[in-house]
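One structure below.
Letters A, B, ... mirror the listed sequences (proteins, then strands); counts begin at 1.
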2 protein chains.
Amino acid sequence: MSRGDHTEQAILEAAEAEFLDKGLALAKTAEIARAAGVTHAMLHYYFRTKEKLFEKIFEGKVQDLARSLTATFDETQPFLDQVAKLAGAHFDFIAAQPRLPMFVLNEIHHNEERRKIYLPMLVNALRDTIRNLGLQLEAALKAGEVRPVRTSDLLFSIASLNVMTFAGLPIAREAFGMDEEDVRQFVAQRRAENIEVILSRLRK
Amino acid sequence: MSRGDHTEQAILEAAEAEFLDKGLALAKTAEIARAAGVTHAMLHYYFRTKEKLFEKIFEGKVQDLARSLTATFDETQPFLDQVAKLAGAHFDFIAAQPRLPMFVLNEIHHNEERRKIYLPMLVNALRDTIRNLGLQLEAALKAGEVRPVRTSDLLFSIASLNVMTFAGLPIAREAFGMDEEDVRQFVAQRRAENIEVILSRLRK
DNA sequence: AATGAAATTAACTTTTTAGTTAAACATAGA
DNA sequence: TCTATGTTTAACTAAAAAGTTAATTTCATT
């Protein structure tokens with residue numbers, strides 16, 4: 001491990017924070033370097049350009065987002081429990097990276113080339129989950145356990161509720177003067193509510 | 001009406017489209033001017049700075065968003081019908097300006113001063129609606145028409161489902177190769193589904 | 001200790017974009 | 001028609017941020 005590894009790592013970490021918070025356009029290489037404790041020439045030494053550094057971060061984030069949309073199922077459990085677990089797991093995933101979905105959505109929207117490269121990843125992850133969830137749903141339907149609903153709608157609703165919980169959180173926090181504890185409570189409350197909303201839609 | 005009015009209007013319209021699509025940071029004054037069919041010096045002649053032009057647009061958009069969160073109630077109707085109407089109206093509002101919520105959310109997030117100025121508008125609109133919706137909900141609860149739920153959660157879920165329907169639409173469109181008709185169908189489908197999700201949560 | 005590659009710095013250049021200015025033009029009203 | 005005012009243009013400047021370079025330092029290896 002050469003001494004430069006530490007610098008490179010520091011830049012990557014500072015860049016991740018800066019890009020996730022501000023996006024590519026508003027992030028400044030000088031500010032990333034400052035946060036990493038190095039001169040901004042180092043950033044170019046290790047990553048050549050702001051765009052190349054961004055891609056390094058962004059690729060990982062797209063994979064994270066794709067993973068958040070990937071679910072595994074335990075077919076021995078009741079379907080509603082499976083869905084509750086899926087929705088809860090997705091919520092926790094986003095909770096751990098609250099800015100992730102909007103960040104990826106925004107950057108992909110603002111750059112056609114990135115769309116071409118990274119959309120397929122997300123679409124593939126999505127397709128897998130829809131297929132698997134669809135199989136379980138079909139079985140539950142035949143067993144008369146749930147009301148009919150499109151699989152894609154079910155998944156879309158879960159994602160919508162969970163993502164939006166965090167998309168506006170920093171703003172809600174300021175708007176209502178919430179402290180750390182308020183936020184924790186709000187998030188816990190929304191987690192339970194989102195799951196309840198989804199289960200209500202399925203219950204007969 | 002002086003001849004400059006047309007120029008000013010053309011710039012405003014081009015700016016609105018550009019800002020909503022790209023955000024303040026990525027929007028270029030030269031590109032706005034080009035789209036408006038004038039030189040970019042004209043933009044500064046009429047609006048002084050990019051920021052001042054942006055504020056002109058942004059203020060209106062925040063008001064639009066606040067209005068989208070404002071609901072009136074017809075107390076003679078069954079509560080579930082009122083909620084369905086509210087959710088549907090909100091959906092249609094966002095459908096007419098699909099980029100509006102994310103645009104305002106993003107810009108407010110990236111600028112502290114704007115947060116200070118514009119958040120109270122949104123918070124006020126929200127408070128009014130929560131209060132009114134809360135009164136109706138309480139009555140419906142006493143009448144045994146619905147299951148208990150926090151008013152703020154109910155409203156938050158409606159907004160989440162409706163906003164996310166459009167936040168990812170341009171991307172979903174490209175990802176799944178949807179044409180105009182596919183999009184129309186998807187939107188109509190989501191409108192019905194979002195309302196059904198909300199009503200399911202309320203029904204006993 | 002000498003060497004050389006990797007790492008770091010400070011100062012520089014380039015590029016992009018916002019913003020300015022002075023001169024030309026248009027037009028309504030005296 | 002003359003003039004004053006508002007409008008438009010082309011060419012400019014200013015500022016900010018990305019990116020480069022050459023000189024210097026560090027440090028592992030011989």
Tell me, which pairs form a ring-ring contact (aromatic ring centres under 6.0 Å, His included) where one or both residues lie in residues 175-198 of chain A, sequence neighbours left out? A:Phe186-B:Phe156
State which of D:dT8, D:dT9, C:dT8 makes the closest approach to the side chain of B:Tyr46. D:dT8
Test ring pair (Phe, Tyr, Trp, His ring centres under 6.0 Å) applied to B:His44 - qualifying residues, sequence neighbours left out: B:His40
Restricting to side chain to side chain donor-acceptor pair (under 3.5 Å), what partner residues turn up for B:Lys116, sequence neighbours left out? B:Glu112
Nearest-Å distance for atom pair CG/C1', residues B:Leu24 and C:dT17: 13 Å
Does the protein touch nucleotides 18-23 of chain C at the base, only the backbone, or not at all? Give it as B, S and - per nucleotide, heavy atoms under 4.0 Å. SBB---
Interatomic distance where CZ belongs to A:Arg34 and C1' belongs to D:dA17 [whole Å]: 16 Å
Could you check how far NZ of A:Lys22 sits from C1' of D:dA17, rounded to whole Å? 13 Å
Rounding to a whole Å, what distance do you find between B:Asp5:CG and C:dT27:P? 14 Å
Rounding to an integer number of Å, can you tell me how far A:Phe47 CZ sits from D:dT20 C1'? 18 Å
Quick check against the 3.5 Å criterion: does A:Arg191 have a side-chain atom that pairs as donor or acceptor with the backbone of A:Gly88? yes
Whole-Å gap separating C1' (D:dA18) and CD1 (A:Ile32): 12 Å
Taking ring pair (Phe, Tyr, Trp, His ring centres under 6.0 Å) as the definition, give me every residue that meets it alongside A:Phe79, ordered by chain and number, with sequence neighbours left out. none
Taking only residues two or more places apart in sequence or in another chain, which ones pass ring pair (Phe, Tyr, Trp, His ring centres under 6.0 Å) with B:Tyr118? B:Phe58
Take atom CE of B:Met42 and atom P of C:dA24, then tell me their distance rounded to the nearest Å. 18 Å
